[in-house]
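This report refers to the structure that appears directly beneath it.
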Amino acid sequence: MSKIILTGDRPTGKLHLGHYVGSLKNRVKLQNEEGNKTFIMIADQQALTDNARNPQKVSSNLLEVALDYLAVGIDPMKSTIFVQSQIPELAELTVYYLNLVTISRLKRNPTVKSEINEKAFGQSIPTGFFVYPVSQAADITAFKATHVPVGEDQSPMIEQTREIVHDFNRIYEKDVLVSPEGILPEKGQGRLVGIDGKGKMSKSLNNGIYLADTEEEVKRKVMSMYTDPGHIHVSDPGKVEGNVVFTYLDVFGEDKEQIQSLKEQYQRGGLGDVKIKRYLNEVLEDFLKPIREKRAQYAADKGEVLNMLKAGSLEAEKVAAQTLDEVKDAMGINYFK
Ligand code: TRP
């Protein structure tokens, strides 16, 4: 069945292997499926909801995220890549949807709740941040998306969107909006653990390997990776579970037999950390080198990348404007039509 897909990222940093495993890989697959229409949005407006005093953090990462997309094979001929802030219709839809959502409902959103704690806003929660799930509903419904591939933490946003769609269509007695489904990562295929083994790979934990990292940076990070602290001498038996090197080999390694035999040897004792790290470094280089090269090619022509984003934004705006028009029709506020 053909799908309309919409997803996106806040441009607050470059994308890393965790993003690749958790979402980018799947997006490339979806974009290549016959009949699908894919929209990929750089959510700069959402990123500004908690960076209003530091807009440069957002604007300077816009191009970085676009380069990461292109480098992993998101293809502007197949996917519409666009910039949220350049589509004013999204903000306009948000205004109408806000009237359908209560403050107490917003307060119950578990992802927003935990973000508020993490970010330590205290009593100073920006209103725009608090209501961003409603703006996200506008992003999704503007394109009549049927499917939204996202991480587990975004499920509450999809749920909220479905409620808005349901309420809107009922109240205005017209099936204008489409109820989306989330596409969540399969069990165990979610976000990759960081190189420190402590938590998911993330910028704030400073435990990431980035798509744009140089060969030297990748090597240094692999060599510092968390393994098994009990594996002190080469001859000691080592643990494979929770050992980040083996986790990454399972995800990125192609030679499954070789990996299995390395695991067995490691568990028996007699295989050193440096050796498996060198092997992982080769595996990661095989994967990252073409991505890094493609990224550098695009980075050499930033004007071209901006043109691509501009064309994508113009195309996206046409779709969003059509939906907004239908929304206003349904609400009976298209006075001058
Ligand atoms: N909230 C998403 C994130 O933090 C980004 C996002 C904004 C998004 N609008 C969206 C994702 C619409 C999917 C659909 O990564």
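Just so you know, these numbers come straight off a predicted model, no measurement behind them. Read the numbers this way: they start at 1 and go in the same order the structure lists the ligands and their atoms.
- Sparse packing is recorded around CD1 of I103, with 12 or fewer heavy atoms of other residues, nucleotides or ligands lying under 6.0 Å away.
- Using a 4.0 Å cut-off to heavy atoms of A43, the atoms of ligand 1 that qualify are 7 (C).
- Counting only N and O atoms by type, the side chains of Q136 and Q154 include a donor and acceptor under 3.5 Å apart.
- Ranking protein heavy atoms by distance to atom 4 (O) of ligand 1, first place goes to R10 NE, 3.2 Å.
- In the vicinity of V150, heavy-atom distances shorter than 4.0 Å reach the ligand 1 atoms 13 (C).
- Ranking protein heavy atoms by distance to atom 14 (C) of ligand 1, first place goes to L6 CD2, 3.6 Å.
- Contact annotation: for Q154 versus ligand 1, heavy atoms closer than 4.0 Å belong to the side chain alone.
- Each of the following atoms of ligand 1 lies closer than 4.0 Å to a heavy atom of V148: 13 (C), 14 (C).
- Judged purely by distance below 3.5 Å, without hydrogens or angles, the side chains of Q297 and E293 never pair a donor atom with an acceptor atom.
- In terms of protein heavy atoms, atom 15 (O) of ligand 1 is closest to G8 O, 3.9 Å.
- Checking N334 against D329 by side-chain atom types alone, a donor-acceptor pair falls below 3.5 Å.
- K78 and N32 share a donor-acceptor pair across their side chains, judged by distance under 3.5 Å alone.
- Between the side chains of Y266 and D273, at least one donor-acceptor pair of N or O atoms lies under 3.5 Å.
- Donor-acceptor pairing under 3.5 Å is recorded for the side chains of K37 and T80.
- Closest to atom 8 (C) of ligand 1 among all protein heavy atoms lies Q136 NE2, 3.4 Å.
- At least one heavy atom of M41 sits under 4.0 Å from some atom of ligand 1.
- When hydrogens are left out, the protein atom nearest atom 7 (C) of ligand 1 is Q46 NE2, 3.3 Å; that is the closest non-hydrogen contact.
- Y97 and T141 share a side-chain donor-acceptor pair at under 3.5 Å.
- Of the protein's heavy atoms, D139 OD2, 2.8 Å lies nearest to atom 9 (N) of ligand 1.
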